[in-house]
Amino acid sequence: VPQPASDAPLHTDALIIGAGPVALFQAFELGLLDLRCHLVDALPHVGGQCAELYPHKPIYDIPGLPVVTGQELVDRLLAQIAPFAPPMHLGQLVSQVQRQDDGLWQVHTQTGQAFVTPAVILAAGAGAFLPRTLPITGLDALQPGQAGHHLPQADTLAGQPVLILGDEDLALQAAIDLAEAGNCQRVTLMHRRDQFRASASVLAAFQALRQAGRIQFVAGQPLAVQESDGLLQALSYVDTAGQTQTLACSRLLMLLGLSPKLGPIADWGLALERRQVLVNTATYETALPGLYAVGDINTYPGKRKLLLCGFHEATLAAFAVAAQRDGGKPPLLQYTTTSPKLHQLLGVAGHTRSAG
Ligand SMILES: Cc1cc2nc3c(=O)[nH]c(=O)nc-3n(C[C@H](O)[C@H](O)[C@H](O)COP(=O)(O)OP(=O)(O)OC[C@H]3O[C@@H](n4cnc5c(N)ncnc54)[C@H](O)[C@@H]3O)c2cc1C
C-alpha cells in the first residue's frame, strides 16, 4: 500500500533504491554492521522480479536451498531482515538523487518523500517496474480499489463480477486463480483478439476453464468505464465488428504487464554501459562517492545477473558503507555463529550456547 510522504526529510545511514531480493539482503547485511536503512520501490510490494515475474516458479541455484519458489525466497528474505525492521516506502518511484554541498545525498520520490543520507545503494534491477496502461476514459473518477494494475487480496473480489484485461501469463493466471477459487460472481478476460502470449501450461489451464464456462472471454478494445458515485458499473468497448458494446463489471484488473523503466536513473550522471551502472568490485561503489550499485543494475568484468552474485555484492557494499561511516576503517569481520555483538543485533542473544 503506498504510504503517505512525511513532510520532513528522513535521515538514515543508507537509502536503498529498490526492494527486490538483492535490496532485501542488502538491508540484512547493513543491519549486521549496525547501519539503519530505508527501502523505496515503485511496486506496491517487495520482491522485485522474483515476486512480480515468477512468484510460483522454482529456483534451484540458491546455496543451501535446493528448491525455492520466487515468492518463498522473498518471504524468507523478509523473515531474515525482520530483526532490523527497515522501513519500506512502497508504490513510490525515486525520481531524484542529488549530492548536497556537505557530501550527503538527497533523494526524492515522485510522491514527495525526501531522504538525506551519506550512502545511497542502487538495487534497481532493470529499472522501476511500471505497469503498462491503456487509454481508458473515466478511470480517475473511480474510488480506490475499483480498478488497478495489481491483483488485490482475493477476498476483496468475492461476489463481484471481475473483468481482467491482458493476454500474457499475468492476466491469464489471475483469471485461472480467481475461477478456481470460485468466489467471484463472474470472471471475464478481455483482449483485442482471441490469441494470447502466454506459456503453454497457463494457456492450457485457461482454455480448459473457458470451455467449462468458468472463465468468459470477450474480444474487444476497452474505451471507457461507467461509474456511479465512484463505483464501477461497466466497461464500454469496441468489439471485433467495430460496434460499441457494454459489459457490466464492478472490479477491473488491468494486468497488461510491466515494463521496467530505467527512467530517472539514466539522468543521474552515472557511467552507464548498456543501461547498467559501472562499479568498483571491491566496494560496489559507482564513480560517485557514497553511491553504490548492487544486483542486476550494475556491471563489471565478469558480471552475471544471478541472485547469488547480487547477494555477494550487497555484502561487500555493506562493508564499504560501514568503512565510509568509520572514516575509512574497514569493519571487523565477525561470524553470525559466534559473535555476541551480532547475536545482540539479531535479537538472538539468549540463544547463544557453547558447543560443550
Ligand atoms: C523468469 C526469471 C527467472 C529467473 N530465475 C533465476 C534463477 O533461477 N536464479 C537466479 O539466480 N536468478 C534468476 N533470475 C534473475 C533474478 O531474478 C535477478 O537476478 C534478481 O531479481 C535481481 O534482483 P535485484 O534486486 O537486483 O533487481 P529486481 O529483482 O529487478 O528488483 C529491482 C526493484 O527496483 C525497483 N526500482 C527500480 N528503479 C526504481 C526507482 N527509480 N524507484 C523505485 N523503485 C525502483 C523495481 O520496481 C524493482 O522492484 C530470474 C529472472 C527471471 C526474469
Side-chain angles (χ1 to χ4, degrees), residues 2-3 5 15-29 38-74 77-78 81 88-97 107-113 115 120-132 149-150 168-170 173 198-199 202 257-268 270 272 275-277 279 284 291-299 303-315 317:
Q3 292 159 15
L15 194 269
I16 305 178
I17 301 177
V22 176
L24 295 177
F25 194 65
Q26 183 69 72
F28 180 72
E29 288 294 328
H38 287 240
L39 295 94
V40 185
D41 204 297
L43 285 174
H45 54 79
V46 303
Q49 295 176 43
C50 294
E52 196 61 43
L53 302 181
Y54 57 102
H56 308 299
K57 289 205 171 78
I59 307 171
Y60 298 101
D61 57 350
I62 304 296
L65 289 176
V67 56
V68 65
T69 66
Q71 189 57 49
E72 277 166 3
L73 179 65
V74 173
L77 286 165
L78 281 175
I81 64 174
M88 314 227 183
H89 306 264
L90 302 177
Q92 300 196 35
L93 180 79
V94 171
S95 51
Q96 264 184 55
V97 176
V107 177
H108 292 265
T109 71
Q110 240 174 13
T111 37
Q113 181 65 64
F115 301 87
V120 173
I121 304 176
L122 202 49
F129 278 129
L130 299 177
R132 289 198 191 99
H149 295 283
H150 299 278
E168 296 182 17
D169 277 5
L170 192 66
Q173 189 63 53
S199 53
V202 171
L258 295 156
S259 67
K261 292 250 180 332
L262 207 50
I265 295 171
D267 307 326
W268 294 342
L270 292 165
L272 291 179
R275 294 167 59 84
Q276 259 110 31
V277 182
V279 285
Y284 292 91
L291 182 56
Y292 302 80
V294 293
D296 279 12
I297 188 74
N298 76 14
T299 191
K303 168 72 183 180
R304 296 284 175 202
K305 289 188 191 177
L306 285 172
L307 290 154
L308 169 73
C309 302
F311 295 156
H312 161 79
E313 295 160 14
T315 308

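Atoms within a ligand are numbered from 1 in the order they appear, just like the ligands themselves. Computed over heavy atoms, backbone and side chain alike; hydrogens, waters and symmetry mates excluded. Each residue takes its place number in the sequence, starting with 1.
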Out of L43, D41, I16, whose heavy atom is nearest to atom 47 (O) of ligand 1?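 Shortest heavy-atom distance from atom 47 (O) of ligand 1: D41.
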Considering L24, D296, L122, which one's heavy-atom position lies nearest to atom 22 (C) of ligand 1?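 When every heavy atom of L24, D296, L122 is considered, D296 comes closest to atom 22 (C) of ligand 1.
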Output the list of atoms in ligand 1 that are nearer than 4.0 Å to some heavy atom of [X], sorted by atom number.
X: G20; answer: 25 (O), 31 (O)
X: A128; answer: 36 (N), 37 (C), 38 (N), 39 (C), 40 (C), 45 (C), 46 (C), 47 (O)
X: I59; answer: 7 (C), 8 (O), 9 (N)
X: G18; answer: 34 (O), 35 (C)
X: Q92; answer: 43 (C)
X: V22; answer: 23 (O), 24 (P), 25 (O), 26 (O)
X: G295; answer: 26 (O)
X: K305; answer: 19 (O)

Considering all heavy atoms, the nearest L90-A19 contact: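 Minimum heavy-atom contact is CD2-CB, 4.4 Å.
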If every non-hydrogen atom of L306 is compared with every non-hydrogen atom of D296, which pair is closest and at what distance?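 Smallest interatomic distance, heavy atoms only, reads N-OD1, 4.4 Å.
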What protein heavy atom lies closest to atom 1 (C) of ligand 1? Include the residue and the distance to one decimal.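 For atom 1 (C) of ligand 1, the nearest protein heavy atom comes out as Y54 CD2, 3.7 Å.
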Considering non-hydrogen atoms of the protein only, which is the closest contact for atom 41 (N) of ligand 1, and what is the distance?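 Here the closest protein heavy atom is V94 O, 3.3 Å.
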Aromatic rings H38 and H89: how do their planes relate, parallel, tilted or perpendicular, breaks at 30° and 60°?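 Parallel: the ring planes of H38 and H89 meet at under 30°.
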Do any N/O atoms on [X] end up under 3.5 angstrom from N/O atoms on ligand 1?
X: A42; value: yes
X: Y60; value: no
X: L93; value: no

If you round to the nearest 0.5 Å, how far is CG of L307 from CD1 of I62?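 Answer for the CD1-CG pair, I62 versus L307, is 4.5 Å.
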T299 and Q276 side chains, donor-acceptor separation under 3.5 Å: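 Absent: no donor and acceptor within the cut-off.
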